[in-house]
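Chain letters run A, B, ... following the sequence lines, proteins first, then strands; residues in each count from 1.
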2 protein chains.
Amino acid sequence: MEAIPCTIEKALNIIGNKWSFLVLKELYVDKRRFNELLRAINGISPNALTTTLKHLEKNNIVTRTVFPTVPVTVEYELTEKGIAFHKVLKEMKKWGAEWGDK
Amino acid sequence: MEAIPCTIEKALNIIGNKWSFLVLKELYVDKRRFNELLRAINGISPNALTTTLKHLEKNNIVTRTVFPTVPVTVEYELTEKGIAFHKVLKEMKKWGAEWGDK
DNA sequence: TTATATGGTTACAAATAGTAAGTTAATTAA
DNA sequence: TTAATTAACTTACTATTTGTAACCATATAA
């Protein structure tokens with residue numbers, strides 16, 4: 001008996017975890033490189049970022065592009081699906097701003 | 001050097017975890033008892049529900065009311081802060097419905 | 001007498017997440 | 001010439017979190 005996940009559950013599984021929200025938040029501003037994300041997201045470790053980005057890539061939320069520079073440059077950018085999630089983050093930001101300290 | 005959390009991070013910390021979203025989803029319909037939530041939320045265990053509800057109560061997202069029946073009845077209900085979060089869940093649901101299978 | 005219901009708790013195992021260091025290869029600084 | 005730096009990760013290990021299963025008191029119903 002497999003349980004059919006509800007829409008919310010499905011969305012949460014696609015996004016992954018807490019770090020995903022913060023990665024997405026950065027990518028809404030502009031595409032970013034691995035170490036840019038590492039520096040921008042407070043408290044994230046390299047392996048947490050690797051796992052998060054791989055998960056987001058697998059779920060078509062971000063694309064990963066490698067440029068053969070020396071050293072190599074890797075850029076992460078939102079897909080249409082990823083951009084569409086911005087509405088959720090905007091509401092979350094609004095809620096956090098209004099209720100975050102109450 | 002303590003890092004100041006961004007608004008999104010703050011919101012995520014207040015909500016807690018994945019289960020919180022699913023508990024809130026149930027409570028938007030109506031107030032619920034512990035075992036009602038346990039049955040309604042697929043895959044949640046008693047201790048996960050306990051932890052989640054305690055966290056939500058601590059953060060003023062839900063209220064906990066005990067009725068001295070036999071056996072005891074405990075009702076969980078959303079606060080104004082909890083109700084306000086509905087906008088976020090609505091957007092998440094919309095996104096999940098549109099992009100969940102792509 | 002056995003089962004069911006309430007709202008949890010407890011002990012333990014399993015899974016996940018975080019920490020610190022290392023990797024390859026080239027470039028730059030002393 | 002040697003050491004440090006940068007890029008984008010990986011690896012090994014530990015710590016924390018999560019999940020599983022059983023249990024608790026009390027009372028009513030079958």
Side-chain angles (χ1 to χ4, degrees), chain A residues 1-3 5-6 8-9 12-24 26-27 30-59 61-78, chain B residues 1-3 5-6 8-9 12-24 26-27 30-59 61-78:
Chain A
M1 275 177 252
E2 276 287 310
C6 71
I8 295 286
E9 212 178 331
L12 290 169
N13 291 339
I14 293 169
I15 294 306
N17 60 17
K18 174 193 155 179
W19 294 122
S20 294
F21 286 89
L22 301 170
V23 166
L24 291 178
E26 288 303 316
L27 294 181
D30 203 359
K31 60 191 169 203
R32 294 241 183 283
R33 285 179 291 124
F34 187 88
N35 281 328
E36 284 178 336
L37 289 169
L38 205 56
R39 283 188 291 266
I41 301 166
N42 197 346
I44 199 167
S45 67
N47 59 3
L49 184 54
T50 299
T51 307
T52 302
L53 287 170
K54 275 184 184 163
H55 177 91
L56 291 174
E57 201 197 344
K58 205 180 81 185
N59 287 278
I61 310 282
V62 305
T63 55
R64 179 180 187 271
T65 312
V66 183
F67 297 94
T69 51
V70 168
V72 74
T73 301
V74 181
E75 264 181 15
Y76 294 92
E77 194 168 2
L78 291 172
Chain B
M1 271 175 254
E2 277 287 312
C6 71
I8 295 285
E9 211 176 331
L12 290 169
N13 290 339
I14 293 169
I15 294 304
N17 60 17
K18 173 195 156 177
W19 295 122
S20 297
F21 286 89
L22 300 172
V23 167
L24 291 179
E26 288 304 316
L27 294 181
D30 202 359
K31 60 191 169 200
R32 295 238 182 283
R33 284 177 293 123
F34 186 88
N35 281 327
E36 285 179 334
L37 289 170
L38 205 56
R39 283 188 292 263
I41 301 166
N42 197 347
I44 200 168
S45 67
N47 60 0
L49 184 55
T50 299
T51 308
T52 303
L53 287 169
K54 275 183 181 162
H55 178 90
L56 291 174
E57 200 195 345
K58 206 180 84 187
N59 286 278
I61 310 280
V62 305
T63 56
R64 179 181 187 270
T65 313
V66 183
F67 298 94
T69 52
V70 169
V72 74
T73 301
V74 182
E75 265 181 12
Y76 294 92
E77 195 166 5
L78 291 171

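Taking CG from B:Leu38 and CG from B:Leu49, the interatomic distance works out to 5.5 Å, rounded to the nearest 0.5 Å. The structure places CZ of B:Phe21 at 5.5 Å from CG of A:Leu12, a figure rounded to the nearest 0.5 Å. B:Leu27 contributes atom CG, which lies 11.0 Å from atom CG of B:Leu22 (distance to the nearest 0.5 angstrom).
What separates CH2 of A:Trp19 from C1' of C:dT16 is a distance of 14 Å, to the nearest Å. At whole-Å resolution of the value, CG in B:Leu49 and P in C:dG8 are 8 Å apart. In this structure, the CZ atom of B:Arg33 is 10 Å from the C1' atom of C:dA5, given to the nearest Å. Residue A:Leu22 contributes atom CG, which lies 15 Å from atom C1' of C:dA17 at whole-angstrom precision. What separates CZ of A:Arg39 from P of D:dA8 is a distance of 9 Å, to the nearest Å. D:dA8 atom P lies 14 Å from atom CD1 of A:Ile44, rounded to whole Å. The distance between atom CG of A:Leu53 and atom P of D:dA7, rounded to the nearest whole Å, is 16 Å. Between A:Phe34 atom CZ and D:dT10 atom C1' there is a gap of 10 Å when expressed in whole angstrom units.
Annotation: side chain of B:Asn13 is in contact with side chain of A:Lys18 (closest heavy-atom distance under 4.5 Å). Counting heavy atoms from C-beta on, the side chains of A:Arg64 and A:Val62 never come closer than 4.5 Å.
Of the listed nucleotides (D:dT20, C:dG18, C:dT9), C:dT9 has the atom at the smallest distance from the side chain of B:Lys54. Between C:dG7, D:dC9, D:dA27, one nucleotide has an atom nearer to the side chain of B:Val70 than all others, and that is D:dA27. Candidate nucleotides C:dT19, D:dA8, C:dG18 were compared by shortest atom distance to the side chain of A:Asn35, and D:dA8 ranks first. Closest to the side chain of B:Thr50, from the set D:dT10, D:dA8, C:dG8, is C:dG8. Out of D:dA7, C:dA11, C:dG7, the shortest distance to the side chain of B:Asn47 is found at C:dA11.
DNA chain C is contacted by both B:Pro71 and A:Asn17; B:Pro71 maps to the nucleotide lying nearer its 5′ end (nearest heavy atom per residue).
A:Thr69 comes within 4.0 angstrom of no nucleic acid atom, judged by non-hydrogen atoms across all strands. When heavy atoms are screened at a 4.0 angstrom cut-off, B:Thr51 is found touching no nucleic acid atom at all. Backbone-only contact: B:Tyr76 has heavy atoms under 4.0 Å from sugar-phosphate atoms and none from a base.
In this model, the phosphate group of D:dA7 is not approached by any side-chain N or O of A:Arg32 to a distance below 4.0 Å at OP1 or OP2.
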